[in-house]
Amino acid sequence: MSNETTTPQCAAKYDLPKAYEFEEVEERWYQYWLEGKTFSAQMEPGRPAFSIVIPPPNVTGVLHIGHALNNTLQDLLTRYHRMKGDNTLWVPGTDHAGIATQNVVERQLAAEKTNRHELGRDKFIERVWQWRTDKGGTIIKQLKRMGASCDWDRERFTMDEGLSKAVREVFVRLYNEGLIYKGDYIVNWCPRCKTALSDDEVEHDPTHGKLYHLRYPYSDGSGSVVIATTRPETMLGDTAVAVHPDDERYAGLDKIGIRLPIVDRIIPVVLDHHVQRDFGTGALKVTPAHDRDDYEIGLRHNLERIKIMDEHGIMNENAGKYAGMDRFACREQIVKDLAELGFLDKIEDYEHAVGKCYRCATVVEPTTSKQWFVSVRPLADKAVAAVREGRIKLYPDTWYNTFYAWMDNIRDWCISRQIWWGHRIPAWTCADCGEMTVVSLDPTVCGKCGSSQIEQEHDVLDTWFSSALWPFSTLGWPDQTKELATFYPTSVLITSFDILFFWVARMMMMGLHFMDEVPFHDVYLHALVRDKHGKKMSKSTGNVIDPLDMIAQYGTDAFRFTLTAFAAQGREIKMDEERIDGYRRFINKLWNAARFTQMHIKESEPGITAVTDNPAALALPHRWILSRTDAAVRDVRKALDGYDFNLIASAIYQFTWHEFCDWYVEWIKADLFSDDTAKREQARGVLLCVLENILKMLHPICPFVTEEIWSQLPGQRGTIMLESFPEAKPTWQDAETEQAMQLLMEIITAVRTIRSEANVHPSAKLHVSLICPDPAKRELLQLFSGSICAMTRAESLDIVESGAVPDDAAHSLVSGIEVVVPLKELIDVDAELDKLARERKVLEQDLQRVRGKLGNEKFLANAPADVVEKERAKLEELETKLAKNEESRGRLGTVK
RNA sequence: GGGCGAAUAGCUCAGUUGGGAGAGCAUCGGCCUUACAAGCCGAGGGUCACAGGUUCGAACCCUGUUUCGCCCACCA
């Protein structure tokens, strides 16, 4: 053993065990990387930079398979660019997740038989921070388990001091620009969370409900109109009935009016184009305080807004005798009462979309309330322009249409939330003059009159408000930092498509507005991970795959490889555990290829791979594998640069297993055991070189196993993480060599097929003849007769220019070469005849097609010359094959 | 209602400027062969959803239909 191998690795050199054991390896290497600060970014403004900000998981989160996918893709890009030599930064962090986190802590309090109101606001906030310190680090630990190479010294939290400063700065500036306003509008209200929700935070679930048909009498007693509703309790707040202006059924009704049952209020009939004449009876009850559309109708016709519920979803004093009832209990009661009074026409089963809180699934109640809004139109226009001009690119490109459509219809963004955990709105109202002071530092007096009687807004900001600033707030904005100069705009954002509008679009708006520059150049939107049947994973269905289970069972690398292999653009991901196991086998295969390499190259031999510098001097199989390596490198780089993650995985898999292991390693075994030093040297040098290239290409996907193997290879080695990523090598490209190898491989496969079909035991020695009229090919075959014998386990090999095929031989034709294997009594004549008959059928079909083409004058006239030439060559080959087939059938027929 | 996507081997999917249908897994047969039985060698298997059209030529381009999935939307 050489004593040069004194590199202070994190493990001593050892003979690799027969199977890869990932548990210990993963733990050990992650620690090594952390201690070596290998993930740290440098502040070098000049150098090409690559930066990603993590989509911050909720601080309450635990790693689910979507995180696993998302972070695997980010890590593999980060590692790729780091190896390419870019100054690379991946910013990690978590989101304070207002409602979600508050819910968690409130549940804790409930278990302690108390609640936040008893505790008071300050104590409650303290309690949340405490929770964050104790439990908030879970997902970060899990990301480390995934191998994430984030710059952990730069971990950020949306409630950090720095980020909070950014939030206030943005709020104040937008307010001063008139882009933030406060007003009484209809919003989605969650009676459980007791807060307003933005439109995006409401999910519409198809729900089985009832459609109630209520009869409203005309005020003059001359008749009645039937209206339909799914929420009959809201009739208590009705202030009009609307009909379409052109609806002749109700002509003149607007002059009369309606006597509202139970309430006994006279309400007007208004004419509004919004009403769909063909729905129900074409008459619509209007409750401006509890329905968005009705709210707008109300604005158009100056209708009174009567709120009939409080913030808990309990009927209020305006509900008269129903006051104090829960909204759903009230619904039942009111239907009963209307029925008794004869105002209920009928009840139908009805399936419709019901809006629910995305956090707690409570049915939201549209209601009017005072809220803060962002005027998004001017901000959205900038974002749309940036995307249209190609300054931000979306992958896959199918998202452009959806993006534009959504941005065109965007409504103002309700940013106030009536909870405690979050960034409190920096606005103070003066008790004396009533003016509002909006400043970034807490004021002591009113900005208008100087009074000290000021009180801060109680509401906090929507969580997505701070997330929208993430790409620049994490880099130190509003200060002019080196980080911003070096890493903004970030390179790419990788996220799930379901937060394209929650988050991605808003980052574009804020980034463009405050940095005057896009927040990222590329956006890669990946799919949702579903189960293997394509169903959404959910706890209730019981089809959830827990990433930590997968890691424990198959190892992080196998899991990461699987996620990468599944990540095809525009495809949903149907996760199948069997695939993970398949890729675990792949990693084990690689491990064993490394073991094999290590067996032959134990000691450090600097310069052993120098043989690859002059490929022309190498024997054919070496030239071939180098040419194939070059092709693989080009494929992998292209796929990486285009975010075609599935192609990265398949290119590496295919090359490693089927070209390197199956062909190359098998082929060079004889050389590795040879007495010829030169032969041995070449084989060892190329073997090691190609393995190294594979490890480097694979490292971004499978960081652990590649690092472990790398450290066990001979020579003084640092971490593979900081090696340079393989580049295309034009000197390795060699089409002629690939063609020659192709021919040899086809011959070998032909012999193996004959062998297998005739059921010849592998230990039974064979004699093979090759009839080859082409002198150049004959020379090639002669040169590699040893390899052909070894790969087919043939005892002897004759290569002749011409000759007759013996009666008892199996044979096939490959590229003009006749492969003949005399089988004596081994041959199964019937089976052979069957096979020939099948082959003949195929040949005749092919011939018919080719002759048809070549007989078509239009084809000859219009098709490119090379295509015609190819068809001619094909015709010739098919004719030869058919002739040989006839010959064989005749011969075997006589044997029989 | 509008938009987007998908339909190719038993399953999951490739198939990038239109030119002889591929991979992995599964299945079947044979093998412990100087790294790997977590392996090796070989085989079978497809009317490229359907119907038209363009073209010398279509899995691919166009039109329509069917089925499935997703997103958006103010039919109460």
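So that the names make sense, note that chain A is the first sequence line, chain B the second, and so on, each numbered from 1.
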Pick base, sugar-phosphate or nothing for Arg793(A), based on heavy-atom distances below 4.0 Å to the nucleic acid. sugar-phosphate
To the nearest angstrom, how far is Leu647(A) atom CG from A23(B) atom C1'? 12 Å
Using a 4.0 Å heavy-atom cut-off, does Phe673(A) contact any base of the nucleic acid, only the sugar-phosphate backbone, or nothing at all? base
Please tell me which of the listed nucleotides, A76(B), A14(B), C70(B), lies nearest to the side chain of Ala568(A)? A14(B)
Walking RNA chain B from its 5' end, the first of Lys638(A) and Val867(A) to be reached, judged by nearest nucleotide, is Lys638(A)
Measure from CD1 on Ile668(A) to P on A35(B) and round the result to the nearest Å. 13 Å
Determine the interatomic distance between C1' on G19(B) and the same-named atom on C60(B); round to the nearest Å. 12 Å
Taking pairing as Watson-Crick or G-U wobble with both contacts under 3.5 Å, can you name the mate of G5(B), or confirm there isn't one? C68(B)
Using atom C1' of each nucleotide, how far apart are A43(B) and A7(B) to the nearest Å? 29 Å
Considering only NZ, NE, NH1 and NH2 on the basic side and carboxylate oxygens on the acidic side, decide whether Arg585(A) and Asp581(A) come within less than 4.0 Å. yes
Touch class at under 4.0 angstrom, heavy-atom based, for Phe660(A) against every strand present: nothing
Any strand counts, and the cut-off is 3.5 Å on both contacts for Watson-Crick or G-U wobble. Which nucleotide pairs with G57(B)? none
Which base, if any, makes a Watson-Crick or G-U wobble pair with A14(B), both distances under 3.5 Å? none
Are Lys853(A) and C56(B) close enough that a side-chain N or O sits under 4.0 Å from OP1 or OP2? no
Using a cut-off of 4.0 Å on non-hydrogen atoms, how would the nucleic acid contact of Gln276(A) be classed: base, sugar-phosphate, or nothing? base
Atom pair distance, as rounded to whole Å: CG in Leu525(A) and C1' in C71(B): 13 Å
Could you tell me whether Asn856(A) contacts a base, only the sugar-phosphate backbone, or nothing, with contacts defined as non-hydrogen atoms closer than 4.0 Å? sugar-phosphate
Round to the nearest Å and state the distance from Ile573(A) atom CD1 to A6(B) atom C1'. 15 Å
G5(B) and A9(B): how far apart are their C1' atoms, nearest whole angstrom? 23 Å
My understanding is that a pair needs two contacts under 3.5 Å, Watson-Crick or G-U wobble. By that rule, which nucleotide pairs with G39(B)? C31(B)
Which value, in whole Å, describes the distance between the C1' atoms of nucleotides A59(B) and C13(B)? 14 Å
Between Asp846(A) and Gln569(A), name the one whose nearest nucleotide on RNA chain B is closer to the 5' end. Gln569(A)
Quick check for you: to the nearest 0.5 Å, what is the distance between Ile308(A) atom CD1 and Arg327(A) atom CZ? 11.0 Å
Could you check whether Lys841(A) pairs with Glu844(A) (Lys NZ or Arg NE/NH1/NH2 to Asp/Glu carboxylate O, under 4.0 Å)? no
Taking atom types as modelled, is there a side-chain donor on Tyr216(A) or Asp238(A) under 3.5 Å from an acceptor on the other? yes
Could you write nucleotides 38-48 of chain B as a row of B, S and -, 5' to 3', where a protein heavy atom under 4.0 Å of any base atom gives B, of only sugar-phosphate atoms gives S, and otherwise -? BSSSSS-----
Report yes if at least one side-chain N or O of Arg411(A) is closer than 4.0 Å to OP1 or OP2 of C74(B); otherwise report no. yes
Hey, is the side chain of His761(A) poking within less than 4.0 Å of OP1 or OP2 on U33(B), counting only N and O atoms? no
If you check the Phe497(A) side chain, which of C70(B), A35(B), C25(B) turns out closest? C70(B)
Whole-Å distance separating the CE atom of Met575(A) from the P atom of C25(B): 17 Å
Between C25(B) and Tyr583(A), is there an OP1 or OP2 to side-chain N/O distance shorter than 4.0 Å? no
Check every strand shown and say whether His600(A) touches a base, only sugar-phosphate, or nothing at a heavy-atom separation below 4.0 Å. nothing
Are Tyr583(A) and Tyr554(A) close enough, and set up right, to give a ring pair (Phe, Tyr, Trp, His ring centres under 6.0 Å), and what steps lead you there? CA-CA 9 Å; Tyr583(A) 292 124; Tyr554(A) 305 102; over 10 Å; no
Ala863(A) near the nucleic acid: base, sugar-phosphate alone, or nothing, with a heavy-atom cut-off under 4.0 Å? base
Side chain to side chain contact (heavy atoms under 4.5 Å, CB included) for Tyr250(A) and Leu271(A)? Distances and angles first, verdict last. CA-CA 10 Å; Tyr250(A) 302 114; Leu271(A) 305 177; over 6 Å; no
Between Glu876(A) and Arg872(A), is there a salt bridge with N-O shorter than 4.0 Å? no
Rounded to whole Å, CZ of Phe566(A) lies from C1' of G24(B) at a distance of 10 Å
Value in whole Å for how far the C1' atom of G19(B) lies from NZ of Lys874(A): 8 Å
For Phe645(A), run the ring pair (Phe, Tyr, Trp, His ring centres under 6.0 Å) check against Tyr524(A), Phe566(A), Tyr395(A) and tell me which one passes. Tyr524(A)
Span that lies between the P atom of C70(B) and that of G64(B), in whole angstrom: 24 Å
Have a look at Val241(A) and tell me which of Ile267(A), Val286(A), Val275(A), Leu284(A) forms a side chain to side chain contact (heavy atoms under 4.5 Å, CB included) with it. Ile267(A)
For A37(B), does OP1 or OP2 lie under 4.0 Å from any side-chain N or O of Lys18(A)? yes
Which value, in whole Å, describes the distance between the P atoms of nucleotides U55(B) and G46(B)? 32 Å
What's His213(A) touching, base or sugar-phosphate or nothing? Going by heavy atoms closer than 4.0 Å. nothing
Distance, C1' atom - from G44(B) to C61(B), rounded to whole angstrom: 34 Å
Nearest-Å distance once atom C1' is located in both C48(B) and U8(B): 4 Å
Let me know the distance between CG of Leu284(A) and P of A76(B), rounded to the nearest Å. 10 Å
Closest heavy-atom contact between Leu69(A) and Ala567(A)? CD1-CB, 4.3 Å
